[in-house]
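Notes to accompany the following structure.
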There are 2 protein chains.
Amino acid sequence: MTEDRRSRVDGARTRAVILRESVAMATIDGLEGLSIGNLAKAAGMSKSGVYAHFGSKQDLQLATVEEAGRIFREEVVAPALVAPAGVGQLVALCDAFCEHLRRRAFPGGCFFAGAALEMGTRPGPVKDRVAAFQGALMELIRQFADTAIAQHELAADEKPELVAFEVNGIILAADTTYVLHDDPGVLEVARHVIRRRLGVS
Amino acid sequence: MTEDRRSRVDGARTRAVILRESVAMATIDGLEGLSIGNLAKAAGMSKSGVYAHFGSKQDLQLATVEEAGRIFREEVVAPALVAPAGVGQLVALCDAFCEHLRRRAFPGGCFFAGAALEMGTRPGPVKDRVAAFQGALMELIRQFADTAIAQHELAADEKPELVAFEVNGIILAADTTYVLHDDPGVLEVARHVIRRRLGVS
DNA sequence: CCTACCGATCGGTAGG
DNA sequence: CCTACCGATCGGTAGG
């Protein structure tokens, strides 16, 4: 059997290149503002090259959301999971998120914060995936808070749902303010706020 | 002197109609995704009718930001200003914001939350106005917190900047979650969270 | 405020 | 993965 001139490995690599650009561009132009022509140019190919990997703009948007989720889990969720259970995980999540912003993993800040506001009023599978991702993150934070309460690191009358809401708010405030004013100082403020709120150091 | 067939009053009214649609559409499509053709259709006129009032898309975006600011001051800031100074104003601001969301003043939630993330990476006069508005709101919240500390409603070691950051976070979490899941329950959560954080009732 | 138009770009397809 | 093309829509202008 002769090898195909373009192997499946090459195809997968090209797909990965497209998606890396797509996630980055989407944090600047939005999932809707993302243009396949510009994306093809950034990936160094023609429009039809992109269409060879994604049959429609919606397919591309869905794949972009999944890739952004993969990166978020890798850079923000994973460090939290290996931290000491309870308050330690809440602080680690917030710190990892701030580091994610500081090192400009995406040029336009947190992918999901932008996607949530952009797609919130656009019913369809893309919004559903974004909402599912946000819901899963909130559930994870709630579990961290639950453990923190069980370990008496937080007061017994704290409600995990409310703690999760506040932690999410701190994360969103860090993202919005950092993106808008480009001031690393806001990340230090966020670190300080989460520690004070959780009664750490 | 004979009257003009179209008086200045009519012109101002038409401009107001355009801007009302523009602010609403921008919370769905974004300030960049907003199209002058669609806007003209929504306002019941031709594209050139819109261009008669706004010379360019950027002019329209700037006027749209100002109109959104006027509405935000009217619906969210004004109720806070007439509330009891200190913690009362912080709670009133948050309540007015939640009511602003609940009654769907704009179809896509808080105009400035979306505009901040969309324009954050697009340097220019539009981003500058959005950033200035966000900065002014943060400064107002900081002053409310300052008064609350001076009146001993908040602990003496609280930092106004950090309280402002947290209140902003609660507002952003309410907006993002409400837009994404369309659940009025999150507004009750936000009201509960802000009161618990500030030690009220 | 209108009609009529401009070049550029959009998402997508045909055919290879 | 390519070139070449489609109809639709973009921001904007001319001339009234």
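Keep in mind that the numbers below use all heavy atoms, side chains included, and drop hydrogens, waters and symmetry copies. Numbered from 1 within each chain, the chains take letters A, B, ... in sequence-line order.
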| query | To the nearest angstrom, how far is A:Asp29 atom CG from D:dC10 atom C1'? | reply | 15 Å
| DNA chain D: stems of at least 3 consecutive Watson-Crick or G-U pairs whose donor-acceptor distances fall under 3.5 Å | C:1-16 with D:1-16
| message | Can a donor-acceptor pair be found, under 3.5 Å and without considering hydrogens, that links the side chain of A:Gln61 to the backbone of A:Val126? | response | no
| remark: note: A:Phe54, atom CZ; C:dT13, atom C1'; distance rounded to Å ~ 18 Å
| message | Just the rounded figure in Å: distance from P of C:dG11 to CG of A:Leu31. | response | 13 Å
| At under 4.0 Å between heavy atoms, what does A:Leu39 touch on the DNA or RNA strands: base, sugar-phosphate, or nothing? | nothing
| message | Expressed as a whole number of angstroms, how long is the span from B:Lys41:NZ to D:dG11:P? | response | 12 Å
| field | Short side-chain to backbone donor-acceptor contact, A:Gln89 and A:Phe144, under 3.5 Å | value | no
| said: Any side-chain to backbone donor/acceptor pair from B:Ser56 onto B:Asp59? Under 3.5 Å, distance only. | reply: yes
| message | Can you measure B:Gln58 atom CD to D:dC10 atom P for me and round it to whole angstrom units? | response | 19 Å
For nucleotides 3-7 of chain D, give me every protein contact, N/O to N/O, under 3.5 Å, one pair per line with atom names.
unit_1	atom_1	unit_2	atom_2	d
D:dT3	O4	A:Ser48	OG	3.1

| message | Please classify the nucleic acid contact of B:Asn38 as base, sugar-phosphate, or nothing, using heavy-atom distances under 4.0 Å. | response | sugar-phosphate
| What is the distance from OH of A:Tyr51 to P of C:dC10, rounded to the nearest Å? | 10 Å
